[in-house]
Amino acid sequence: MKNKKILREAHMYSRFGPRAMFGQFMLDIAKKNKNLMVLSADLGRSSGLDRFKSEHPDKYLSVGISEQNLIGVSAGLAKEGYKVFATSFAPFLSMRAIEHVRMNLGYMELPVNLVALGSGISMGFLGNSHYGLEDISIIRSIPNINISSPADSTELKKILDDYAFNNRGPSYIRLTGVPGSPIVYYEDYQYTFNKIVTLKSGTNVLIISTGSVVSQALVAAKFLKTKNISCSVVNLHTLKPLDKKINKIIRKYNFIVTVEEHTIIGGLSSIISEFVAKNKSNPKILNIALPDKFDKTGSYNYLLDYHGLSGKKIANKIIKFLRK
């Protein structure tokens with residue numbers, strides 16, 4: 001019965017998508033955490049918070065289209081002991097408000113949880129002004145801020161619960177994917193902050209991915225198995241701090257592939273490459289990411305395929321990589 005319930009929930013979460021489910025999960029957290037405060041920069045509906053606003057008007061605050069003020073007010077509430085989640089689109093949190101993020105969250109270490117909507121290319125036709133292309137590279141350069149990126153909405157729930165009921169300090173939670181994005185977790189699992197998850201074990205290639213494109217990495221691994229290429233797939237849901245145990249995994253492989261919905265500069269590919277160089281291991285690395293440029297707009301699935309981040313195109317890139 002438990003497995004059937006979890007499966008039903010996973011399908012529901014996928015159908016509604018991460019933004020809508022963020023609002024739903026905040027409703028669940030509000031029942032258990034009396035100190036919860038949820039803030040928005042005039043994006044309550046886009047954050048799935050309409051029902052939360054109606055049911056908990058004392059726990060919801062919109063500061064208007066003023067992301068810098070969003071961070072300042074959130075920091076003040078956190079300093080007074082509230083458990084704060086503040087939400088806006090990824091480029092606005094990571095760029096428009098970055099000086100305030102740096103000083104109030106990084107420097108002062110006030111435990112505000114930033115929830116970045118529409119990271120990567122999930123904003124579709126709204127275009128490059130709303131795409132969160134560079135946010136990991138910017139946020140991870142600031143000391144003392146955790147970065148999490150759930151693979152699907154089931155994992156989003158676990159990440160939000162972890163930040164809501166533990167003292168993790170300031171954090172940045174990166175939401176990728178859209179309603180209908182593939183499910184990664186069909187069964188329950190033990191989530192642990194800063195601990196990598198091996199979703200599939202293999203011997204030839206290690207694929208490290210983060211965010212909703214983890215599902216595409218699994219598709220690629222399944223296809224490669226038909227070509228007698230055995231792949232391990234690792235979900236790196238915590239990008240900062242990095243689980244040091246990843247070094248033990250990396251050393252088992254001669255070929256490593258990173259897959260991410262972020263520009264090639266400063267994201268997962270940089271994190272893994274820097275780690276490999278620091279630890280003096282010597283695998284061959286293929287980085288699959290968004291290009292270092294502003295590019296087309298379009299539907300989410302079209303853009304994934306266009307940028308080579310669909311499962312089949314990831315697999316084909318890995319085949320070419322191995323042939324070299």
Side-chain angles (χ1 to χ4, degrees), residues 5-6 8-93 96-97 100 110-119 122-124 126 130 132 148 150 152-166 168 170-181 183 212 300:
K5 180 177 181 292
I6 292 168
R8 284 197 304 270
E9 288 178 344
H11 281 289
M12 181 187 71
Y13 297 166
S14 173
R15 185 168 70 251
F16 286 107
R19 285 199 279 156
M21 290 314 304
F22 164 67
Q24 181 60 48
F25 296 148
M26 286 293 103
L27 279 170
D28 297 338
I29 291 170
K31 297 174 184 176
K32 305 171 187 175
N33 193 324
K34 302 304 180 184
N35 290 324
L36 177 68
M37 283 295 296
V38 181
L39 285 79
S40 169
D42 199 41
L43 289 172
R45 179 171 294 180
S46 295
S47 308
L49 291 169
D50 275 356
R51 185 178 164 193
F52 184 92
K53 177 182 177 182
S54 298
E55 294 190 17
H56 300 283
D58 58 327
K59 296 181 181 297
Y60 175 80
L61 182 62
S62 176
V63 301
I65 307 173
S66 177
E67 289 78 9
Q68 296 95 332
N69 193 40
L70 173 71
I71 303 303
V73 174
S74 296
L77 288 167
K79 190 173 178 63
E80 291 301 312
Y82 289 95
K83 179 63 70 171
V84 181
F85 287 82
T87 181
S88 186
F89 290 129
F92 307 158
L93 286 177
R96 288 196 68 188
H100 301 261
L110 292 170
V112 175
N113 301 288
L114 302 178
V115 181
L117 309 174
S119 289
S122 62
M123 295 312 297
L126 285 177
H130 284 61
S148 296
D152 64 8
S153 292
T154 297
E155 188 163 68
L156 170 61
K157 184 178 190 303
K158 291 180 179 292
I159 288 172
L160 292 174
D161 283 345
D162 183 78
Y163 282 124
F165 299 106
N166 293 287
R168 301 293 185 201
S171 67
Y172 183 86
I173 304 166
R174 188 176 196 256
L175 304 191
T176 56
V178 296
S181 288
I183 299 166
S212 58
Y300 182 62

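In this chain, residues are counted from 1 in sequence order.
Between Val84 and Leu39, some side-chain heavy-atom pair lies under the 4.5 Å cut-off. At least one side-chain heavy atom of Ser122 sits less than 4.5 Å from a side-chain heavy atom of Val178. Within the 4.5 Å cutoff, side-chain heavy atoms of Phe85 are placed close to those of Met26. Using a 4.5 Å heavy-atom cutoff, the side chains of Leu117 and Ser47 are in contact. Counting heavy atoms from C-beta on, the side chains of Ile65 and Arg96 come closer than 4.5 Å. Residues Phe89 and Leu43 meet the side-chain proximity criterion, which asks for heavy atoms closer than 4.5 Å. Contact check for Tyr60 versus Ser40: side-chain heavy atoms found under the 4.5 Å cut-off.
Residues passing the side-chain contact (heavy atoms from CB on, under 4.5 Å) test with Asn69, sequence neighbours excluded: Val63, Ser66, Val73. With sequence neighbours excluded, no residue forms a side chain to side chain donor-acceptor pair (under 3.5 Å) with Lys53.
A donor-acceptor contact shorter than 3.5 Å links the side chain of Lys59 to the backbone of Lys34. Judged by distance alone, the side chain of Ser62 and the main-chain N or O of Ala41 form no donor-acceptor pair under 3.5 Å. At distances below 3.5 Å, at least one donor-acceptor pair connects side-chain atoms of Thr87 with backbone N or O atoms of Val115. The backbone N or O of Ala164 sits less than 3.5 Å from a side-chain atom of Asn33, completing a donor-acceptor pair. Arg51 places no side-chain N or O within donor-acceptor distance of the main-chain N or O of Leu27, the cut-off being under 3.5 Å.
Two rings, from Phe22 and Phe52, have their centers 6.0 Å or more apart.
For residues 154-165, the side-chain hydrogen bond (donor to acceptor under 3.5 Å, both in side chains) pairs, not counting sequence neighbours, are Ser148-Tyr163, Glu155-Tyr185, Glu155-Tyr189, Glu155-Asn235, Lys157-Asp161, Lys158-Asp188, Asp162-Asn166, Asp162-Arg168.
Within a 6.0 Å radius of OH in Tyr300, more than 12 heavy atoms belonging to other residues, nucleotides or ligands are found. Shown here is Leu126, whose CG atom has more than 12 heavy atoms of other residues, nucleotides or ligands within 6.0 Å.
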Evaluation steps, side chain to side chain contact (heavy atoms under 4.5 Å, CB included), between Leu160 and Asn113: CA-CA 9 Å; Leu160 292 174; Asn113 301 288; over 6 Å; no

Run Leu175 and Met21 through side chain to side chain contact (heavy atoms under 4.5 Å, CB included) and show every step you take. CA-CA 11 Å; Leu175 304 191; Met21 290 314 304; over 6 Å; no

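The shortest non-hydrogen separation linking Arg19 to Met123 is NH2-CE, 4.0 Å. Nearest heavy atoms, Ser212 versus Gly177: OG-N, 3.3 Å.
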